[in-house]
**Q** 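Okay, handing you the structure first.
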Amino acid sequence: MKTLILIATAMLMAGKVSAALDAVPAMKCGAFSVSPGANGTVRINGVKPKVQKVTFLQQKGDYQRVKIHWVVAATTFSGNYAMDYVNADDKPTMHVEIMRTQQSQIRISGDYDCQPQ
């Protein structure tokens, strides 16, 4: 199930949209929900990412070992989250950091395990 969710999410972000993938269950990573949206887009807590980049960790097309970077607008404050979703050997995790606007601001980040929702 985890593999199916990861493949669907990565394929949606890569622009390889299929109508069947819209029915894939969502993932939950801590306080963040990752789900397929309309027209092949991905939504994180209902928000479309401003930036998304897919990097294969070993070989191209290997969705079992992939890193996905997102920049998502925060909904509770004026700012952005930088998110790195990594699936290595079927152990999906997400690192989230609040993007600072000044170097003097405190760095706030967290790591979460991801589970099907």
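Not measured: the values here are computed from a predicted model. Here, residue 1 is the first one in the sequence, and each next residue gets the next number.
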**Q** If two hydrophobic side chains count as joined below 4.5 Å and joins carry through other members, does Ile106 share a cluster with Met99?
**A**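 In one cluster: no.
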**Q** Are Val34 and Val51 linked, directly or through other ILVMFWY residues, by side chains that come within less than 4.5 angstrom of each other?
**A** no
**Q** side-chain hydrogen bond (donor to acceptor under 3.5 Å, both in side chains) with Ser78: which residues, sequence neighbours excluded?
**A**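 In terms of side-chain hydrogen bond (donor to acceptor under 3.5 Å, both in side chains), with neighbours along the sequence ignored, Ser78 is linked to no residue.
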**Q** Side-chain contact test, heavy atoms from C-beta onward, threshold under 4.5 Å: evaluate it for Leu57 versus Val66 and give yes or no.
**A**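 When only atoms from C-beta onward are counted, Val66 and Leu57 do not touch, as no gap falls below 4.5 Å.
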**Q** side-chain contact (heavy atoms from CB on, under 4.5 Å) between Val42 and Ile68: does it pass, once the steps are laid out?
**A** CA-CA 12 Å; Val42 172; Ile68 304 170; over 6 Å; no
**Q** Hey, quick one: are Ile108 and Phe77 part of the same hydrophobic cluster, counting side-chain heavy atoms closer than 4.5 Å, chains of contacts allowed?
**A**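 Yes, same cluster.
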**Q** Look up atom CE in Met94 and atom CH2 in Trp70, then write down how far apart they are to the nearest 0.5 Å.
**A**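 One gets 4.5 Å once the value is rounded to the nearest 0.5 Å.
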**Q** So, taking the atom named NE2 in His95 and the one named OG in Ser109, what distance separates them when rounded to the nearest 0.5 Å?
**A** 4.5 Å
**Q** Apply side-chain contact (heavy atoms from CB on, under 4.5 Å) to Met27 and Ser35, showing your working.
**A** CA-CA 6 Å; Met27 288 188 301; Ser35 60; over 6 Å; no
**Q** To the nearest 0.5 Å, what is the distance between OH (Tyr85) and OG1 (Thr93)?
**A** 8.0 Å
**Q** So which pairs with a foot in residues 98-117 pass ring pair (Phe, Tyr, Trp, His ring centres under 6.0 Å), sequence neighbours left out?
**A** Phe32-Tyr112
**Q** Of all residues at least two apart in sequence or in a different chain, which pass the side-chain hydrogen bond (donor to acceptor under 3.5 Å, both in side chains) check with Lys50?
**A** Asn80
**Q** Not counting sequence neighbours, list each pair that qualifies as a salt bridge (Lys or Arg N to Asp or Glu O under 4.0 Å) and has a residue in residues 73-88.
**A**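 Not a single pair qualifies under salt bridge (Lys or Arg N to Asp or Glu O under 4.0 Å).
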**Q** Considering residues at least two apart in sequence or located in another chain, which fulfil the salt bridge (charged side-chain N to carboxylate O under 4.0 Å, His left out) criterion with Asp62?
**A** Arg65
**Q** OG1 of Thr55 to NE2 of His69: how many Å apart, nearest 0.5 Å?
**A**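 It comes to 9.5 Å.
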**Q** What about Val86 and Met83, same hydrophobic cluster or not, with Ile/Leu/Val/Met/Phe/Trp/Tyr joined at side-chain heavy-atom distances under 4.5 Å?
**A**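 Result: no, two separate clusters.
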**Q** Not counting sequence neighbours, which residues clear side-chain hydrogen bond (donor to acceptor under 3.5 Å, both in side chains) with Asp113? List them please.
**A**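 Asp113: no side-chain hydrogen bond (donor to acceptor under 3.5 Å, both in side chains) contacts found.
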**Q** Using a 6.0 Å cut-off, check whether atom NZ of Lys67 has over 12 heavy atoms from anything other than its own residue.
**A**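 For Lys67, atom NZ is not crowded (no more than 12 foreign heavy atoms under 6.0 Å).
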**Q** Which pairs count as salt bridge (Lys or Arg N to Asp or Glu O under 4.0 Å) when at least one residue sits in residues 92-112, sequence neighbours excluded?
**A**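 Passing the test, one end in residues 92-112: Glu97-Arg107.
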**Q** Any chance you could measure Asn45, atom CG, to Thr76, atom OG1, to the nearest 0.5 Å?
**A**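 If we round to the nearest 0.5 Å, Asn45:CG and Thr76:OG1 are 9.5 Å apart.
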